[in-house]
Each structure stands twice: as C-alpha cells, then as structure tokens.
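Reminder, nothing fancy here: chain letters follow the sequence lines and each chain counts from 1.
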Number of protein chains: 2
Amino acid sequence: MSNALEVAQIAGLVGEPARANMLLALGDGRALPAGELAACAGITAPTASEHLARLEQSGLLISIRQGRHRYYRIASPEVATMLEAVMVVAAGNPPRMERFRIDPELQLGRTCYNHLAGQLGVAICDALIRKNCVVLDGDVAHVMPAGLQFLSNWGVDVGRMGKHPYCRTCIDWSERRPHLGGAVGIAIHKRCLELKWVEHHLDSRALKITRAGRLGLERVFGIIGLAR
Amino acid sequence: MSNALEVAQIAGLVGEPARANMLLALGDGRALPAGELAACAGITAPTASEHLARLEQSGLLISIRQGRHRYYRIASPEVATMLEAVMVVAAGNPPRMERFRIDPELQLGRTCYNHLAGQLGVAICDALIRKNCVVLDGDVAHVMPAGLQFLSNWGVDVGRMGKHPYCRTCIDWSERRPHLGGAVGIAIHKRCLELKWVEHHLDSRALKITRAGRLGLERVFGIIGLAR
DNA sequence: CCCACGCTTCGGTGGTGACCGAAGCATGTC
DNA sequence: GACATGCTTCGGTCACCACCGAAGCGTGGG
C-alpha cells in the first residue's frame, strides 16, 4: 500500500517536537510570524524557516507575506481535526485532554495580528461587502469609492495609507469565511478601540464587544445578532 | 507547552513508513500476528518486534499472546480516528480518500484469525452469556457446565480441547463489544462452517450468513435481527 | 540612500533511530 | 525429549535529519 508512505510523511511532520510546538501554537486559529513560531519551538530562525517551508509544502500550513513578516496559519479544518485527534491519543484516555478547538472566549472576537478576526471580523467584512464598500478578489480586497466614503464618515481615513499591504483578506480555519486584514483591517480595529466598541479582554487576543459596540455595530454596519 | 512533546511522540510513531504500514494493515479491526505485520511492512521480524513493542507501550496497539503467536490490534477507537484523520490530510483534499472505516462487507461477519468476529461474533458471545453458558472475566471467558452441555448438543465437543488458550475474549475497535476467541471460538466458527450457516465470501475474511444460518442462529442461539 | 530587521539559503556537524544477523527464549508438534 | 516455529534481545552499522552560524536577500524606516 503506497498510501502508507504518504500517511507516514504527514505524521512524521507532526512527529517532531519543534514542528509540533509550532503547529500547536497555531491551533487557536491565529496567524503567527515565523520568528515568533521559532521562539515558541525554542529554535533559531534558520531551523524554523526550514520546518515551516516543509509544513507549507505539505499542505499543513499556509502563509502570507506581509511586509517583511511572514504569517503562517493552519491550512484547513482537516489539519486542525488531525492535530486534535493526535492530542486526544497523546493525552491518554483517562485525563481527557481539553479539545483542540478554538477557545469560546475567542470565538466571538479576537485579534489576528492587529486586525479583527473571529465572528466579529467576519461580520464586519460581510457588512462592507453588502454595502459595496469592498470587493474581494482572491486574497486581496479592493476598497471601492463608496468604501472610502463610508469609512471616512465613520472616522477612518483610508486615503492616506499608501503602504503595500493595503487591504488583504485573511481566513483562519475556525471560521471558514474571510475577514479583512492589511492596513485597512488594522485601521478598523483601531477605530473600534477608540470608540470603545471593543475592549481587550484577559490576554491581548480576546476581545469583548461592549454595549456601545453592539449598538454602534448595528447602527453603522447593520450587524445584528452576534452571539453573546 | 510540554504537551507538544507528547503529541510529537505519538505522531512520530505513525510517521515512519514501516509502522504506518502496520497500523494501516490493522485498520479494518483485525488482529494480526507480528510476523504477518512484518511482511506487510517489508521488514524483518526483529525490526518489526521493536516497532510493535513501542506501538504497544505508547498505547496505540494492544496485543494478546496466543500460543506462539502474538496478535496485535488497534487499541482504541481514538487511535483509529487519529489514523483516519491523518489519512484524510495525507490524501490531499481533492482526491477525498476512502475512509478508514471498517468495510461494510466485513461489518456483519468476519473472521478474526480463525474465530468469528464482527456483529455475528458479538451476537453469539452475547447469546452464550445470556444462556449462562459462558462468563466473561477480563480477557478470558469461562465456559460453564451449561455451556459444555449446550455446545455439545450443538455438535461442538469442547470437552477434549485441553490446550491453554481455551476460551478468550477478543475486542476489536470497530465493535466495542467482546467476541469469543481461543479454542472454543475456533470450534464455534468451524461448526458454523460445517452446518453451512456461514460461508466465506470474496476473500477469506468476509463471511456471508446463509439462509440456513439465519434460521439456525435464531433457533439455537436465539439471535434475531442481524443486519442484512 | 543607508541601516535595521525578518526571513531564507548554504555547509557542516552531531545525534538519533531504523535496520539486520545472530543468538536466545517460549510454545507447540512429532 | 528433540525439532520446528514464532517472537524477542543484543550489537553494530548506516543513513537521515534537526540544528546552528554565516552569509544573502528583500522590505520598511529614518
């Protein structure tokens, strides 16, 4: 069965402490830069780069370049499922490991390196598409004239951010829907913080949507019914 | 996260072609002896022995000694799930691998090295327990006087099989219920063949239950409602 | 335009582990 | 009791690969 070779290859990628560390660090759906993953694994940048390249080539991770950083994330729900299944076995049946699922705390809103992710990030992205403010095109998003106007009215000056990663889409495996990254995504996040629509919770990733935020999101973006 | 070490250890066990071959060969719930697994993997007995010992020690496989053979099988549904999850990733998303589930052909009845397994094996074991013919005790089964009588009436002389592996229980991960192995299990299988209650199907593992078999199983054992 | 920073590529080193042959042990068979 | 069979243990060999330092490349900031 030549199949066993492929199985062994995939499992072998996970079967190395440094790589396992990196994969587990990405387990909550975040995208992390190579350098940080190297630190997680306790190895130097060259070694990490080698590992990450192999993980990407084999389809376990995907990466996007953003400036001089390169963000890696889990490639698909299938990969997440596999990692979870390995964790279940690794934990031994009795102790009954906590699952490799996204923390409920993070499900609603979280930051994905400076921009909004989770259900909130997806909802905002959807709203902007519905309003013809942005148009998705692969992994980039084009901000339409209506979008410039809309965001400007809301207090985000998108006009004078000339840098390359203008507006990108970003998908993590836990939500299978895109949210907005890039400079525009970062600006939206910043504005939400200014308006106190969201506030950072516990650690720096989880976001709490405030009462004002719920009202504002409904009034400005037409977003209703976000899970509590 | 020390957890990553354990994850890597488990995944690393699968991440070796020889071991992956052996695990996949056991994927349909059978129990196979070490020598046969060595052949599956294309390695010599010493190497296979080493691998199998590690797989058992880590809880991926369990083994029973039976005479001078040692039968290995998948230790738990969790392990099977993990292997399946790895196969899904290994196959790449597009080709959509056939699942690591028991062949439906084998679900109803199959042989587990000379004795009956699958739903049929479990049903017979249940019936004998219900009739107070056997009592399970860990991985051995005691045949009660009523059982000697019952089996003798049915045409199986259990009295003069004095060998060690008299009657054992055997659980494969696909059915989570025991069936009978050992000399008694083998004799039952043999008698079913003599009576033409079952016949071998396609390859040598899948069993077909004949019309006479359904009638007989109901009349003698009180077994009804086996899936078609 | 130059420097700082993050990532990648390149060689070279060291340790781990897969593998086998030979010998040993247990079990079943004649 | 002697032999065959199946598995295990033991040593030794070899290949692979994780790892790092140094150098190279591209991007962003001053």
Side-chain angles (χ1 to χ4, degrees), chain A residues 4-5 8-9 11-23 31-58 61-72 113-114 161-166 168 182-183 186, chain B residues 4-5 8-23 31-58 61-73 113-114 161-166 168 182-183 186:
Chain A
L5 278 174
Q9 197 224 334
L13 288 171
V14 186
E16 207 280 331
R19 284 192 294 257
N21 257 308
M22 297 193 280
L23 288 168
L32 294 176
E36 192 149 332
L37 289 169
C40 285
I43 54 181
T44 59
T47 308
S49 181
E50 208 175 309
H51 285 316
L52 290 168
R54 288 179 57 188
L55 289 170
E56 181 168 23
Q57 197 177 352
S58 300
L61 297 181
I62 53 181
S63 70
I64 56 169
R65 298 186 46 105
Q66 198 151 308
R68 48 189 175 188
H69 297 270
R70 184 167 201 151
Y71 291 91
Y72 286 89
Y113 262 75
N114 282 340
M161 325 186 211
K163 284 316 167 70
H164 288 114
Y166 182 52
R168 312 193 71 95
I186 294 172
Chain B
L5 277 175
Q9 197 222 334
I10 296 297
L13 288 171
V14 186
E16 207 281 330
R19 286 192 294 257
N21 257 310
M22 296 192 281
L23 289 167
L32 293 176
E36 192 148 334
L37 289 169
C40 285
I43 54 181
T44 60
T47 308
S49 181
E50 207 174 311
H51 285 315
L52 290 168
R54 288 180 57 189
L55 288 171
E56 181 168 23
Q57 196 178 351
S58 301
L61 297 182
I62 53 182
S63 70
I64 55 170
R65 298 186 44 107
Q66 197 151 310
R68 50 190 172 187
H69 297 270
R70 184 168 202 151
Y71 290 90
Y72 287 89
R73 58 181 199 273
Y113 263 74
N114 283 340
M161 327 188 210
K163 285 315 166 74
H164 288 113
Y166 182 53
R168 310 193 72 95
I186 294 172

Separation between CG (L37(B)) and OH (Y72(B)), nearest 0.5 Å, reads 8.5 Å

From the set dC7(C), dA18(D), dA18(C), return the single nucleotide nearest to any side-chain atom of E16(A). dA18(D)

Mind calculating the distance between CG (L37(A)) and C1' (dT8(C)) to the nearest angstrom? 15 Å

Between the side chain of E16(B) and the main-chain N/O of R19(B), is any donor-acceptor distance below 3.5 Å? yes

Is T47(B) near enough to dC20(C) that one of its side-chain N or O atoms lies under 4.0 angstrom from OP1 or OP2? yes

One should read off an interatomic distance between L61(B) CG and L32(B) CG, to the nearest 0.5 angstrom, of 10.5 Å

Determine: side-chain N/O of T44(B) to OP1/OP2 of dC20(C), distance under 4.0 Å, yes or no. yes

H51(A) side chain near dC17(D) phosphate (N/O to OP1/OP2, under 4.0 Å): no

N or O in side chain of R65(B) less than 4.0 angstrom from dA26(C) OP1/OP2: no

Between R19(B) and A53(A), name the one whose nearest nucleotide on DNA chain C is closer to the 5' end. A53(A)

Looking only at side-chain atoms of R68(B), point me to the closest of dC19(C), dG17(C), dT5(D). dT5(D)

To the nearest 0.5 Å, tell me how far E50(A) CD sits from R54(A) CZ. 7.5 Å

Taken to the nearest whole Å, CD/E36(A) to P/dC5(C) is 17 Å

What integer distance in Å separates L55(A):CG from dA18(D):P? 10 Å

Quickly work out the I186(A) CD1 to dG28(D) C1' distance and round it to whole Å. 14 Å

Less than 4.0 angstrom between a side-chain N/O of R54(A) and OP1 or OP2 of dA18(D), yes or no? yes

Rounded to the Å, how far apart are R70(B) CZ and dT8(D) C1'? 9 Å

From CD of Q66(B) over to P of dT27(C), roughly how many Å is that when rounded to an integer? 13 Å

Please report the distance, rounded to the nearest Å, between OH in Y72(B) and P in dG6(D). 15 Å

Rounded distance in Å - CD (E56(A)) to P (dC7(C)): 13 Å

On DNA chain C, compare the nucleotides closest to A48(A) and I43(B); which residue's is nearer the 5' end? A48(A)

Whether the side chain of T47(A) engages the backbone of I43(A) through a donor-acceptor N/O pair (distance < 3.5 Å, no angle test) should be reported. no

Using a 4.0 Å heavy-atom cut-off across all strands, classify A45(A) as base, sugar-phosphate, or nothing. base

Would you indicate, yes or no, if dG28(C) has its OP1 or OP2 atom less than 4.0 angstrom from a side-chain nitrogen or oxygen of H69(B)? no

